[in-house]
There are 2 protein chains.
Amino acid sequence: MRIGQVAKRAGVNVETIRFYERKGLITQPPTNTGGYRQYPKEAIARIRFIKRAKELGFSLTEVLELLTLQTNPQATCADVKSRAEDKISTIHGRIKDLQKMRRSLERLAAACKGSGPLDECPIIDCFETNKKKEE
Amino acid sequence: MRIGQVAKRAGVNVETIRFYERKGLITQPPTNTGGYRQYPKEAIARIRFIKRAKELGFSLTEVLELLTLQTNPQATCADVKSRAEDKISTIHGRIKDLQKMRRSLERLAAACKGSGPLDECPIIDCFETNKKKEE
DNA sequence: CTTGACTCCGTACCATAGTACGGGGTTTAT
DNA sequence: ATAAACCCCGTACTATGGTACGGAGTCAAG
């Protein structure tokens with residue numbers, strides 16, 4: 001199968017496949033006489049693996065680690081599980097940060113009556129002073 | 001005040017101030033005879049404004065919008081409030097996405113007993129097939 | 001056997017938010 | 001007056017995950 005077919009079936013761009021190859025996530029397949037890459041069908045599965053791991057928050061570097069683990073006969077579930085748990089906690093941290101931001105913005109938006117000049121806007125005021133406006 | 005002082009007091013890097021200037025977030029102040037930038041003390045407040053807005057999730061482009069609004073006498077609280085509300089909802093969306101990821105990972109991690117070879121790992125299995133392992 | 005679609009490669013570019021560097025000139029303190 | 005510390009400018013580089021481009025060669029259908 002040629003790169004275009006693989007790309008279509010895996011749901012990515014041709015350029016993305018070449019990019020993954022440069023990053024070491026995919027090994028370059030044999031080429032035909034014309035120099036075209038000839039992919040086995042497992043290539044599609046590998047690209048989908050990458051997509052799925054990415055969707056769950058793994059960076060390409062981390063996906064590479066996961067893929068490398070797979071070729072290591074000493075690797076066990078524990079290796080994968082610990083990476084998943086690390087990822088869960090970093091995601092958790094990001095959620096906390098975002099919730100903090102959201103709560104602050106909600107407080108400010110609630111304090112803003114939505115009319116009047118900017119120099120009375122509690123949101124702008126907060127940005128200027130980093131204090132809640134004293135009543 | 002010179003750039004180094006401003007940077008120190010605002011809690012950013014000198015380079016960052018020059019970067020913000022290039023981005024139009026800060027106007028270039030007058031320079032002394034030697035060509036050094038001479039900042040009024042309001043510059044510190046402006047940089048802190050940028051920092052605070054960034055901490056609440058606004059990108060530099062959005063911060064620029066906010067700052068530009070301030071110079072517009074027609075602008076009202078409503079303009080700021082609507083930007084805050086937009087930001088709240090994009091943050092909300094990101095939280096939802098992250099929660100979805102976290103839930104999926106938690107399900108997978110829970111399904112993984114944490115020992116044994118990788119080809120029996122439900123996490124790897126999910127990445128390969130995007131299905132929950134059938135029992 | 002020609003045309004269009006596909007692929008090759010290397011490089012440059014996108015956004016984001018800066019950081020780092022190098023070779024100069026300036027200011028300040030001793 | 002000299003050295004340290006500061007600042008100037010432009011450019012390049014960081015990380016992340018790709019996308020775009022251009023000129024060339026190849027493959028398949030008519």
Side-chain angles (χ1 to χ4, degrees), chain A residues 1-40 43 46-67 87 90-91 94 97-98 101, chain B residues 1-40 43 46-67 87 90-91 94 97-98 101:
Chain A
M1 209 181 334
R2 294 196 319 211
I3 198 167
Q5 270 298 306
V6 175
K8 190 179 292 180
R9 295 202 191 189
V12 300
N13 223 305
V14 167
E15 298 302 315
T16 303
I17 295 181
R18 297 196 341 104
F19 173 73
Y20 286 169
E21 192 180 296
R22 281 200 299 281
K23 289 282 165 183
L25 290 152
I26 297 171
T27 53
Q28 185 166 359
T31 53
N32 70 7
T33 48
Y36 285 14
R37 291 169 179 81
Q38 291 297 331
Y39 290 92
R46 193 170 177 98
I47 295 164
R48 289 196 180 138
F49 182 109
I50 298 168
K51 277 190 78 175
R52 237 109 56 187
K54 259 170 44 61
E55 282 161 13
L56 290 179
F58 292 93
S59 70
L60 290 185
T61 308
E62 290 162 340
V63 175
L64 179 56
E65 262 183 50
L66 252 13
L67 287 165
K87 185 52 66 181
T90 64
I91 289 174
R94 272 194 282 157
D97 290 345
L98 289 170
M101 287 182 199
Chain B
M1 211 181 333
R2 294 195 320 209
I3 198 168
Q5 271 299 307
V6 177
K8 191 180 289 179
R9 296 200 190 190
V12 300
N13 223 305
V14 167
E15 298 300 315
T16 303
I17 295 181
R18 299 198 338 105
F19 173 72
Y20 286 169
E21 191 180 298
R22 282 201 298 282
K23 288 282 165 183
L25 289 152
I26 297 171
T27 52
Q28 184 166 0
T31 54
N32 70 7
T33 49
Y36 285 14
R37 292 170 179 79
Q38 292 296 334
Y39 291 91
R46 192 169 176 98
I47 294 165
R48 289 197 180 137
F49 182 108
I50 298 168
K51 276 189 80 176
R52 238 109 56 189
K54 260 170 45 61
E55 281 161 15
L56 290 180
F58 291 92
S59 69
L60 291 184
T61 307
E62 290 162 341
V63 175
L64 179 56
E65 261 183 50
L66 251 14
L67 288 165
K87 185 53 67 181
T90 64
I91 289 174
R94 272 194 281 159
D97 289 346
L98 289 170
M101 286 182 199

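To find a chain, count down the sequence lines: A is the first, B the second, and so on, and within it residues start at 1. The structure presented is a predicted model; accordingly, all values stated were derived computationally and were not measured.
- In this structure, B:Phe19 places its CZ atom 10 Å from C1' of C:dT19, rounding to the nearest Å.
- Between C:dT7 and A:Arg2, a contact under 4.0 Å exists linking OP1 or OP2 to a side-chain N or O.
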For this session: Test A:Ile50 against A:Leu60 for side-chain contact (heavy atoms from CB on, under 4.5 Å), laying out the working first.
Result: CA-CA 8 Å; A:Ile50 298 168; A:Leu60 290 185; 4.0 Å; yes
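- Bracketed by its first and final contacts, the part of DNA chain D lying under 4.0 Å from non-hydrogen atoms of chain A reaches from D:dG17 to D:dC27 in 5' to 3' order.
- For B:Ala7 against B:Asn13, the heavy-atom pair with the smallest separation is CB-C, 3.9 Å.
- Considering only side-chain N and O atoms, A:Gln38 lies nowhere under 4.0 angstrom from the phosphate OP1 or OP2 of C:dT7.
- Residues B:Lys23 and B:Thr16 each lie close to DNA chain C; by heavy-atom proximity, the contact nearer the 5' end of the strand is made by B:Lys23.
- Side-chain contact between B:Leu67 and B:Arg46 is present, with heavy atoms from C-beta onward closer than 4.5 Å.
- Contact of the B:Phe19 side chain with the B:Arg22 side chain is registered, since non-hydrogen atoms from C-beta on lie closer than 4.5 Å.
- Atom CZ in B:Arg18 sits about 13 Å away from atom P in C:dT19, given to the nearest Å.
- In this structure, CD of A:Gln5 is placed 13 Å from C1' of C:dA5, rounded to the nearest angstrom.
- Nucleic acid contact class of A:Thr31 (heavy atoms, under 4.0 Å, all strands): none.
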For this session: Begin with the C-alpha distance, continue with both residues' side-chain angles, and end with the deciding distance and a verdict on side-chain contact (heavy atoms from CB on, under 4.5 Å) for B:Tyr36 and B:Ile3.
Result: CA-CA 8 Å; B:Tyr36 285 14; B:Ile3 198 168; over 6 Å; no
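- A heavy atom closer than 4.0 Å to some atom of DNA chain C occurs in B:Lys54, B:Ser59, B:Leu60, these being the qualifying members of residues 47-63 of chain B.
- Closest approach of A:Leu56 and B:Met101 over heavy atoms only: C-SD, 3.8 Å.
- Toward the 5' end of DNA chain D, the nearer of the two residues A:Tyr36 and A:Arg22, judged by each one's closest nucleotide, is A:Arg22.
- Proximity of B:Asn32 to the phosphate of C:dT27: a side-chain N or O atom is located under 4.0 Å from OP1 or OP2.
- Summarising the geometry, the separation between CD1 on A:Ile17 and C1' on C:dT7 is reported as 12 Å, rounded to the nearest angstrom.
- If you take CZ on A:Phe49 and CD1 on A:Ile26, they are separated by 12.0 Å, rounding to the nearest 0.5 Å.
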For this session: For the pair A:Val12 and A:Lys51, evaluate side-chain contact (heavy atoms from CB on, under 4.5 Å) and give the outcome as yes or no after the intermediate values.
Result: CA-CA 9 Å; A:Val12 300; A:Lys51 277 190 78 175; 3.8 Å; yes
Problem set entry | Candidate pair B:Arg2 and B:Arg37, rule side-chain contact (heavy atoms from CB on, under 4.5 Å), full reasoning | CA-CA 6 Å; B:Arg2 294 195 320 209; B:Arg37 292 170 179 79; over 6 Å; no
